[in-house]
Protein chains: 2
Amino acid sequence: MQTALATAGLPPVFSTSLPGRALPLPTTEARPGHRRIVAAEAEIFAEGDRAGSFYKVVSGVVRTYRLLADGRRQIDAFHLPGDIFGLEAGAEHRFNAEAVTEAQLEVHRREPRALAGDGGALAREVVASMMRGLERAQDHMMLLGRKSARERIATFLLTMARRMACGGTALELPMSRTDMADHLGLTVESVSRAVTQLERDGLIALPPNRRMVVLRDMEALADLSE
Amino acid sequence: MQTALATAGLPPVFSTSLPGRALPLPTTEARPGHRRIVAAEAEIFAEGDRAGSFYKVVSGVVRTYRLLADGRRQIDAFHLPGDIFGLEAGAEHRFNAEAVTEAQLEVHRREPRALAGDGGALAREVVASMMRGLERAQDHMMLLGRKSARERIATFLLTMARRMACGGTALELPMSRTDMADHLGLTVESVSRAVTQLERDGLIALPPNRRMVVLRDMEALADLSE
DNA sequence: CGTAGCTTTGAAGGCGCTCAAATTCTGTGG
DNA sequence: CCACAGAATTTGAGCGCCTTCAAAGCTACG
């Protein structure tokens, strides 16, 4: 499937396959860029750091976020295996990045030749990733600007289910309720209440392990996401 | 100033100059892509339309937005002269686009050769624009997720002032209060109240023409934007 | 000068927030 | 295997910011 950007004369590797899905890279050939393992909750980079490298998630989950002066936090994205993050237009990182779970990362220096190296494959992947990031950001603006707490949770659960490519309807959320709250523009309490209410209404089930969620009524959830 | 992406081996035209500023293109050489004039409030394309072209604003202002099933609207961005919009990864437009004011557009078909044509200058411009769009979206998520009505208005006014490159402190907003509301995740009434309150507090002045705003206390406004 | 539309203002209500506390889960040690 | 500590999550009560509904005020334009 050819995509618009590819068609626009940009690197044609835009095999965006399913929009929003993070596939484990098919291209596993050797690439410049070493591996790095970070423990859960460990910092990867901070706002203002020199943006000398960018990263690709191999395994685990990463969050990128910004803070207001008084500590309010907005998590702009959770990065799953296959996702690229930390690439900046300017010289410094505009976000903080931390591992949500233990994570394995591919670190890439942002030197021209390093990327041009493999025939531009990584460069094309980067552009594709940027495009996916933009689309996700756009979807998320709709969520933050116009959806109710209930709708935000429904949307989030469906999105995570799709991205984590869990064939079934059960998914294990890698992040805490607080992380969800700071991603969805809510408080922890509101997240908890909305999740509980979705369970009461039978749209989802919550096994004793609170990180687990079973999607019981995909259609109703999709309606809530509109 | 070299930028990260440029450094990353991508098209090196990333002269993102000042982040967030829309300059009137310096490169005015002939380009494939014809002009199109749209009247104020006229539709440019709709969600679901085949995304055969993308656009660059020459003059005027354009809004792109999406609707929820029940009509709630989220304006993801206002596009000012120099901005590119309507470029999609998929085959269809994911947004609606309408002219806010009468606008002059450069229409570009998204064919490979059309872009490769001028030595890739347009292609590089497109990537740069995508990156700027992503940064704006990220800033906007912070606004929508975590800022109060007052803070949203302050942030919006400062951003528009910067983007419209009005040397002074007076700016003429091209859009209605309703448009502002649907961009800022508020209601018209809340926008009006917050604007009025900023005036009472002396941070801005409102000439009788309600589209005009004078920024009286940039520092206080900046503090509100944090 | 009159009308239509946008903007502002007013009053009341609700959703999500704040503050507080109970409950459940997890991991550790006995 | 069970008990316990600490953390995460859930639940409860009251409040506040923004929304909703309604109407008045302004501006722009014919």
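The figures that follow rest on heavy atoms only: side chains count, while hydrogens, waters and symmetry mates do not. A note on names: the letters A, B, ... follow the listed sequences, proteins ahead of strands, and every chain is numbered from 1.
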* **Which residue lies more 5' along DNA chain C, comparing P208(A) with V195(B) via nearest heavy atoms** => V195(B)
* Per the side-chain hydrogen bond (donor to acceptor under 3.5 Å, both in side chains) rule, which among H79(A), H108(A), E106(A), E125(A) passes with K56(A)? -> E125(A)
* Structure fact -> Between R73(A) and the options D179(A), L68(A), N96(A), the side chain to side chain contact (heavy atoms under 4.5 Å, CB included) test singles out D179(A)
* Asked: Short question: side chain of R72(B), backbone of R146(A) - any donor-acceptor pair under 3.5 Å?
  -> yes
* Asked: With a cut-off of 6.0 Å (strictly less than), are more than 12 heavy atoms of other residues, nucleotides or ligands near CD of E41(A)?
  -> yes
* **Contact residues, residues 142-155 of chain B to DNA chain C [heavy atom, < 4.0 Å]** => none
* Which whole-number value in Å describes the distance from D182(B) CG to dT19(D) P? -> 11 Å
* **Row check, F78(A) ring normal vs R63(A) NZ/CZ: under 6.0 Å, within 45°** => no
* CG-CD distance between L67(A) and E47(A), expressed to the nearest 0.5 angstrom -> 7.0 Å
* Using only side-chain N and O atoms of R210(A), determine if any of them is under 4.0 Å from OP1 or OP2 of dT24(C). => no
* Structure fact -> Separation of dC18(D) atom P from R72(B) atom CZ, nearest Å, is 18 Å
* side-chain N/O R211(B) vs dC6(C) OP1/OP2, d < 4.0 Å -> no
* Please state whether the base of dT20(D) and the side chain of R193(B) form at least one donor-acceptor pair under 3.5 Å? => yes
* Asked: Can you list the steps and then say if R216(A) with D201(A) is a salt bridge (Lys or Arg N to Asp or Glu O under 4.0 Å)?
  -> CA-CA 10 Å; R216(A) 288 213 161 286; D201(A) 298 349; over 6 Å; no
* **Phosphate OP1/OP2 of dC18(D) contacted by S190(B) side-chain N/O (<4.0 Å)** => no
* **Selected nucleotide, minimal atom distance to L186(A) side chain, candidates dT7(C), dT11(D), dC17(C)** => dC17(C)
* **Test: R110(B) cationic atom under 6.0 Å from F54(B) six-membered ring centre, within 45° of axis** => no
* For the pair made of CG in N209(B) and C1' in dG5(C), what is the distance, rounded to whole Å? -> 15 Å
* Structure fact -> Separation of dT24(C) atom P from L206(A) atom CG, nearest Å, is 14 Å
* Is S192(A) touching bases, backbone alone, or none of the nucleic acid, heavy atoms closer than 4.0 Å? -> base
* **Minimum-distance nucleotide (side-chain atoms of R177(B) versus dT7(C), dT11(D), dC17(C))** => dT7(C)
* Spacing between M180(B) atom CE and dC6(C) atom C1', to the nearest angstrom -> 13 Å
* To do: Spell out yes or no: do the side chain of E189(B) and the base of dC18(D) have one donor N/O and one acceptor N/O closer than 3.5 Å?
  => no
* To do: Give a yes/no on whether any side-chain N or O of T187(A) is located under 4.0 angstrom from OP1 or OP2 of dC17(C).
  => yes
* Take atom CD of Q197(A) and atom C1' of dC15(C), then tell me their distance rounded to the nearest Å. => 11 Å
* **Euclidean distance, atom CG of residue L184(A) to atom C1' of dC17(C) [Å, nearest integer]** => 15 Å
* Asked: Starting at CD of E172(A) and ending at C1' of dT26(C), how long is that distance when rounded to a whole Å?
  -> 13 Å
